[in-house]
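Presented below is the structure to which this report refers.
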Amino acid sequence: MGGVISGTWPAEWLRIAKGPVCLFWGTICFFFLVPAGFTAPPHVQSIHAHIPLENLLTGMAIEPSGSLLVLENDSGELSGLRFNPNGDSLTIDTVVSQLSDPIALALQTNGALFIAERQSGRILRLQGSNLREIGRDFADISTLRLDDEGNLWITELEPGRLIRFNLKTHTRDLILEGLEFPSDVIPLPNGFAVSELVDRSGTKGRVSIGDIPPVVQPAALAQKSHVFALPPNPLTVIRQGLTSDPSPIDPVRMALDPRDVNRLLISVRNLTSKSLRSTFSSGGIVEMDVNKSKIDKTFLQNLFGPTDIIPVPNGIYVLEEVAERISFFDWKGSQTVLWDGLGRPQSFTVAGPGDFYVLENIPEARIQRITEGTFQNSIQVQSNSKGPCAGLVRQADGAFLISSTEEGKILQTGPRDNIRVFSTQVFSPEKLRLNTDGSLWVLDRLMNELVLLNSKGQFEKRISGQPYQLSDFDLDAAAPDSFASLYALDSRAGVILRYQPSTNQFTELVKLNSLQTGSRRSFAYIPERGFVIAHNDEAGSLAWISVPETSSSRSRSLAAANATAVETALADGFQEIVDMTWSEGQGVHVLSQNGWIRTVSLSWDTGNPTPLASPTPSPTSTATIGIPSPTSTETPTHTPVPTRTPTPTWTPTPTPTFTRTPTATPTATFTYTPTPTPTWTPTPTATPTPTATPTWTPTPVPTPTPTFTPTPNGNTPVEDWILYEKY
């Protein structure tokens, strides 16, 4: 599941490389020209993924055998989730890789699978192991649907168009234009249903039922621009006979109810408010009467950003984008979790090779242990924190420190995983870093300063970030003097800073030439060599920043800081990086808010750069999971995903786990027995008292924006529909 660093590299990377380029063995590599006085850049040896199903999941399809096919947008892969004959274990393997921004898929009864790529505007067809392009030049595709006549219905989000694509003739018909961000379409007998987000603030929505216009205009391609050139056609004319219900908020996907073909099931991101979209747990599944064009019932609520849904005779599969979770609900609302990825992770700490503790916030704040893709026991911290938690470190005795930003607290786990208050000496704590002596550095972004606490949580020192705006920091934890190896990043001004103990201030070490000012970035310090920085740009690029060399390894020359940093490209595809850390002998570990962890192995070999190696495959890991028996024994024609013989009965197991089968031969096999989730009892403690009165006066800051406490996720069916104000 690791990323592959090969193929076509963006032109801007070639400019950043500042050196000649060679091509051999099908791999692009750089010979960097590094000015004298700067350390040489490293070479990427491999990129290893530690979670078998990388998140930002955008679409699902279910095969006749009961296997699930899932699109992974950030990794550009299609994965198969296969269940064993007893229905008590799950295997995840890669079916197709190297897709470009896959957004939707549709499965024919003959086993052919259609995949839409939003960025490239292509429609691909997968038949067995044969993948080929059948259409291109679509704009901002949001969904694909098949009808009974061999047509593919396509919604284009930004242009606001509904297109019908004939799979036999490859001709295109314009059904509707002027739609307001259409998110899905369902072909109906002599008509269709279409959902519109209306606007991306999530304050309005609409689901409409309409007839196919008697005169359908051809959707032609402009010969020169390769985009749709559509004749003018007013929406008021096209919408004759179209009836709408404007009550849903941010409807995403729809499906026909197998129990009643006259009812639609609709996933909506927000059931409770027309003014707030990011309430996370306020999503749900609603029902609509097609004949009356009226939403009249709520089936599920308290979901975390539900998107794709697949109804089957005995229940419904639901993909929750925010929680990075796939679940099966029977028609009574009972939930079986099939896959539970990392929900909005913010920070992590390394326990060993392939072993991580990750702090996530959805569906609740908890510390999750992951060992080579295996999700193990977790520690819940939600009841002790009203807001999101941002920072995580592990102390020498095994206890964890967690920063609760909005409460202004640093929490600590006890011997039995109970949570207590470790310190209240930081106004708005975020990122945490431990020193070898047990003292703790804390980033207070709101106050724009770094705070040093001793091993007991008591205040020791403050370092103001003025005139810079601190967005991230890092240090050499093994250095005997932590003050001499303390670095910070000002992404607003585009500079890497170094702390000067003599002046108690940060000074510029290197200036960055490609960092977009005002954007949030993460970086990691590599002792004695330089920095790896995550740009969090559209390409998701990682870059190397060389630092000035001097005769003393611990003393960097500030004279060289006047020059622009030597920046070289390492890899791309690293989206929404929230935390990075370096481990000697392992590499740079990277955590994405989308819910994956990757390790980038670096080498500083002399001579010509080493060609970028293929990523190390994730080893197989096994566990158990409950899954309802499929309702069909039909053998699928989709070759990459093996078939199975279903068992009519099953016993669900509450702990979600899985087996991962890599596309290459794994180097090792790991098994484990799930450990029950530990429980804890909060122990009230007194607020620590500072050992001395601070001698500084804080700068007045704006009052933080109030937050909310998510409604507990009960997933209880609700019989009555919540009435909305029509607009």
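Using modelled atom types, no side-chain atom of Asn73 and backbone atom of Ile103 make a donor-acceptor pair closer than 3.5 Å. Between the side chain of Asp147 and the backbone N or O of Pro187 there is no donor-acceptor pair closer than 3.5 Å. A donor-acceptor contact shorter than 3.5 Å links the side chain of Glu320 to the backbone of Phe304. Judged by distance alone, the side chain of Asp260 and the main-chain N or O of Asn262 form a donor-acceptor pair under 3.5 Å. Under a 3.5 Å cut-off, the side chain of Thr307 and the backbone N or O of Thr58 do not form any donor-acceptor pair. Remark: side-chain polar atoms of Glu360 are not paired, donor with acceptor, to backbone N or O of Gln346 under 3.5 angstrom. Looking only at distances, no side-chain donor or acceptor of Ser79 sits under 3.5 Å from a matching main-chain atom of Val70.
Using bins of under 30°, 30° to 60° and over 60° for the plane-to-plane angle, the ring pair Phe138/Phe165 lands in the perpendicular bin. Classified by interplanar angle (parallel below 30°, tilted 30° to 60°, perpendicular above 60°), the ring pair Phe375/Trp339 is perpendicular.
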Dump the intermediate steps for salt bridge (Lys or Arg N to Asp or Glu O under 4.0 Å) on Asp289 and Lys294, then the final yes or no. CA-CA 5 Å; Asp289 189 316; Lys294 181 67 176 178; over 6 Å; no
List the steps and the verdict of side chain to side chain donor-acceptor pair (under 3.5 Å) for Ser281 and Asn302. CA-CA 5 Å; Ser281 63; Asn302 298 327; 5.4 Å; no
Can Leu152 and Leu146 be said to form a side-chain contact (heavy atoms from CB on, under 4.5 Å), step by step? CA-CA 5 Å; Leu152 195 62; Leu146 287 160; 3.5 Å; yes
Applying side chain to side chain donor-acceptor pair (under 3.5 Å) to Glu117 and Ser100, what does each step give before you reach the verdict? CA-CA 6 Å; Glu117 294 182 328; Ser100 175; 4.9 Å; no
After noting the C-alpha distance and the side-chain angles of Lys297 and Arg263, does the key distance pass the side-chain contact (heavy atoms from CB on, under 4.5 Å) rule? CA-CA 10 Å; Lys297 186 178 180 181; Arg263 297 190 69 81; 4.2 Å; yes
Step by step, work out the side chain to side chain donor-acceptor pair (under 3.5 Å) result for Thr155 and Thr143. CA-CA 6 Å; Thr155 55; Thr143 194; 5.2 Å; no
Carefully, step by step, assess Asp184 and Val194 under the rule side-chain contact (heavy atoms from CB on, under 4.5 Å). CA-CA 6 Å; Asp184 200 4; Val194 62; over 6 Å; no
List the steps and the verdict of side-chain contact (heavy atoms from CB on, under 4.5 Å) for Leu81 and Met60. CA-CA 10 Å; Leu81 281 65; Met60 298 188 300; over 6 Å; no
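Residue Asp148 places its CG atom among 12 or fewer non-hydrogen atoms of other residues, nucleotides or ligands, all under 6.0 Å distant.
Between Ser195 and Val252 the shortest side-chain heavy-atom distance does not fall below 4.5 Å. A heavy-atom distance below 4.5 Å is not found between the side chains of Phe356 and Leu591. The closest side-chain heavy-atom distance from Ile379 to Tyr357 is not below 4.5 Å. Residues Leu56 and Glu321 are in side-chain contact: their nearest non-hydrogen atoms beyond the backbone lie under 4.5 Å apart. Glu372 places a side-chain heavy atom less than 4.5 Å from the side chain of His50. In this structure the side chain of Arg125 never reaches within 4.5 angstrom of the side chain of Asn130, judged on heavy atoms. Counting heavy atoms from C-beta outward, Leu265 and Asp257 have side chains that approach closer than 4.5 Å. Side chains of Leu167 and Gln108 form a contact here, defined as non-hydrogen atoms less than 4.5 Å apart.
The CG atom of Leu264 sits 5.5 Å away from atom CD1 of Ile209, with the distance rounded to the nearest 0.5 Å. Distance check: Arg164 CZ to Phe192 CZ gives 10.0 Å after rounding to the nearest 0.5 Å. Remark: Glu324 CD to Leu57 CG distance equals 5.5 Å, nearest 0.5 Å. One finds the CZ atom of Phe348 at 14.5 Å from the CD1 atom of Ile367 (value rounded to the nearest 0.5 Å). Between the CG atom in Leu303 and the CG atom in Leu319 there is a gap of 11.0 Å [rounded to 0.5 Å]. Here the straight-line distance linking atom CG of Leu53 with atom OG of Ser75 works out to 8.0 Å at 0.5 Å rounding.
When each of Leu69, Leu68, Leu107 is checked for a side-chain contact (heavy atoms from CB on, under 4.5 Å) with Ile62, only Leu68 meets the rule. Each of Ile362, Leu359, Asn594, Ile370 was scored for a side-chain contact (heavy atoms from CB on, under 4.5 Å) with Leu342, with one residue passing: Ile370.
Heavy-atom minimum distance, Gln593 versus Val578: CB-CG1, 3.6 Å. Closest approach of Ser142 to Pro182, counting heavy atoms only: OG-O, 2.9 Å. Looking at every heavy atom in both residues, Pro311 comes nearest to Trp331 through CB-CH2, 4.2 Å. Listed here is the closest heavy atom pair of Asn166 and Lys168: OD1-N, 2.8 Å. Closest approach of Trp596 and Gly573 over heavy atoms only: CZ2-O, 3.8 Å. Heavy atoms only, all atoms of each residue included: Leu99 and Leu78 are closest at CD1-N, 4.2 Å.
Here Asp340 pairs with Arg366 in a salt bridge; the nearest charged N to carboxylate O distance falls below 4.0 Å.
Between the side chains of Ser282 and Asn270, at least one donor N or O lies within less than 3.5 Å of an accepting N or O.
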